[in-house]
S.K.: 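Below is a structure I'd like to ask you about.
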Amino acid sequence: MKEIGRVIKFYNSFFFVKAGNEVIPCKLRGLLKRDKKIGSAVNVGDFVEISRLKDKSGVIEGVQLRRNILIRPPVANVDRVILTFAVDAPKLHPLLLNRFLVLAEKSELPEIIICVNKIDLAEDKNFLAEYEPLYKILRVSAMTGEGVDELKKILSEGVTVFAGPSGVGKSSLLNAIDKNLKLKVGKVSEKILRGKHTTRVSELIEFGGGFLVDTPGFSAVDLSEAGLDKKNLWHCFKEFAQFAESCKFLNGCSHSHEPDCGVKAAVERGEILRERYESYLTLLEEVTSEKF
Ligand SMILES: Nc1nc2c(ncn2[C@@H]2O[C@H](COP(=O)(O)OP(=O)(O)OP(=O)(O)O)[C@@H](O)[C@H]2O)c(=O)[nH]1
Ligand SMILES: [Mg+2]
Ligand SMILES: [Zn+2]
């Protein structure tokens, strides 16, 4: 008899599948192929069909159709992603922020939120105000508890993924949200000196009526692996769309070197944030050189 469950963790070559009130370690049925785009046919967050073996483990027989998948880190059927950064230690680099935003946009998730942690270290309490017209920004501190209640309100249902660079305090924030979690937290100096990430695997953790997902931090992302190329990259900069309508080369404009470009004109008028445009140009160069 087949049961339906949800993959909550992949660890030690086992998929841990929650079915009812049980968590069953499962292996993958051999004929489930790898998924070229994301590397694995089954991901954390997937709903799967399993059959049981005598030794209390199980076998994943099939994967149900996904609503969406966050490509990096791979998590399926996501309701919102909270892109987490820190005011300082590590410093927030606009290019890295925009890289994460582009990947989240490409994944077509229902909701993208930017969370700025370590606000206790900020002189400017409106840190990142220039992104406010584009994304919801939460300013919080896992250390002092500032903003944590507001964060909690957003998490009451669905699957919320905490993604972002190593050391920004994703695990610390989850611990602040739920005192019982006791997730492992690491020193930033260790992470930088030894390249050591404290969180090693993505894990779905039950909270309220939904799930929180703690993920390992990462910074190097291959954009072309995520299906981004010079034609579609600009669609992940959502504020470009309205201005791209007035580009001379309506369909062929890459908004870089072309004449009469509506996007470039908007940057000049200050209607598109220059920092966003500069990130776009850098990423455009990256996807162009990767492809050819
Ligand atoms: N000042 C300050 N430090 C914080 C805050 N939140 C976390 N930290 C510190 O930041 C460091 C990294 O925290 P982690 O929670 O391990 O960061 P992470 O994002 O989970 O890192 P990875 O698991 O490696 O991706 C720890 O030394 C925390 O004590 C905060 O709000 N303010
Ligand atoms: Mg962590
Ligand atoms: Zn253009």
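In listed order, ligands and their atoms are each counted from 1.
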S.K.: With respect to atom 21 (O) of ligand 1, which of Ala163, Gly167, Ala176 exhibits the smallest heavy-atom separation?
M.R.: Gly167
S.K.: Of the backbone atoms (N, CA, C, O) and the side-chain heavy atoms from C-beta on, which set of Asn117 has a member under 4.0 Å from an atom of ligand 1: side chain, backbone, both, or neither?
M.R.: side chain
S.K.: Show the atoms of ligand 1 that are less than 4.0 angstrom away from any heavy atom in Asp120.
M.R.: 1 (N), 2 (C), 30 (C), 31 (O), 32 (N)
S.K.: I'd like to check which ligand 1 atoms, numbered from 1 as shown, lie under 4.0 Å from a non-hydrogen atom of Ser171.
M.R.: 15 (O), 20 (O)
S.K.: Tell me every residue that passes side chain to side chain contact (heavy atoms under 4.5 Å, CB included) with Ser141, counting only those two or more places apart in sequence or in another chain.
M.R.: Ile119, Asp120, Met143, Thr144, Glu146
S.K.: Quick one: do the Ser289 and Glu285 side chains pair a donor with an acceptor below 3.5 Å?
M.R.: no
S.K.: What about Val140: any of its N or O atoms under 3.5 Å from an N or O on ligand 1?
M.R.: no
S.K.: Is the Tyr277 to Phe237 ring centre distance short of 6.0 Å?
M.R.: no
S.K.: State whether Asp178 and Lys152 are salt-bridged, where the test is any N-O pair (Lys NZ or Arg NE/NH1/NH2 against Asp/Glu carboxylate O) under 4.0 Å.
M.R.: no
S.K.: May I ask you to establish whether Lys238 and Tyr135 are in a cation-pi arrangement, using a distance under 6.0 Å from NZ or CZ to the six-membered ring centre and at most 45° from the ring axis?
M.R.: yes
S.K.: Has Asn77 got a side-chain atom pairing as donor or acceptor with Gly45's backbone, closer than 3.5 angstrom?
M.R.: yes
S.K.: Can you tell me if, anywhere in Ser172, an N/O/S atom lies at a distance from the Mg ion (ligand 2) that is smaller than 2.8 Å?
M.R.: no
S.K.: Which of the numbered atoms in ligand 1 are under 4.0 angstrom from any heavy atom belonging to Met143?
M.R.: 1 (N), 2 (C), 30 (C), 31 (O), 32 (N)
S.K.: Hey, which N, O or S atom on His255 ends up closest to the Zn ion (ligand 3)?
M.R.: ND1
S.K.: Does Lys187 reach ligand 1 with a nitrogen or oxygen that is under 3.5 Å from one of the ligand's nitrogen or oxygen atoms?
M.R.: no
S.K.: Should Thr199 be counted as touching ligand 1, given the test is an N or O pair under 3.5 Å?
M.R.: yes
S.K.: Angle at the Zn ion (ligand 3) between SG of Cys261 and SG of Cys253, to 10°?
M.R.: 120°
S.K.: May I ask which of Thr84, Val185, Val87, Leu174 has a heavy atom nearer to atom 29 (O) of ligand 1 than the others do?
M.R.: Val185
S.K.: Among pairs that include at least one residue of residues 108-131, which meet ring pair (Phe, Tyr, Trp, His ring centres under 6.0 Å), considering only residues two or more places apart or in two chains?
M.R.: none
S.K.: Given the ring of Phe16, does Lys9 sit roughly above its face, with NZ or CZ under 6.0 Å from the centre of the six-membered ring and within 45° of the axis?
M.R.: yes
S.K.: Is the distance from the Mg ion (ligand 2) to the nearest N/O/S atom of Ser166 under 2.8 Å?
M.R.: no
S.K.: Compare Gly186, Ser172, Ala89 and give the one whose heavy atom is closest to atom 26 (C) of ligand 1.
M.R.: Gly186
S.K.: Answer yes when Glu268 and Arg274 have at least one side-chain N-carboxylate O distance shorter than 4.0 Å, and no when they do not.
M.R.: yes
S.K.: Below 3.5 angstrom, do we get any N/O pair linking Asp214 and ligand 1?
M.R.: no
S.K.: Centre of Phe14's six-membered ring, under 6.0 Å away, within 45 degrees of the axis: is that where NZ or CZ of Lys27 sits?
M.R.: yes
S.K.: Is there at least one pair of N or O atoms, one from Ala142 and one from ligand 1, spaced under 3.5 Å apart?
M.R.: yes
S.K.: As an exercise, identify every atom of ligand 1 less than 4.0 angstrom from a heavy atom of Gly217.
M.R.: 25 (O)
S.K.: Please note down the angle at the Mg ion (ligand 2) between OG of Ser171 and OG1 of Thr199, to the nearest 10°.
M.R.: 80°
S.K.: In a check of side-chain contact (heavy atoms from CB on, under 4.5 Å) between Arg6 and each of Val44, Asp46, Val23, Leu204, which one passes?
M.R.: Leu204
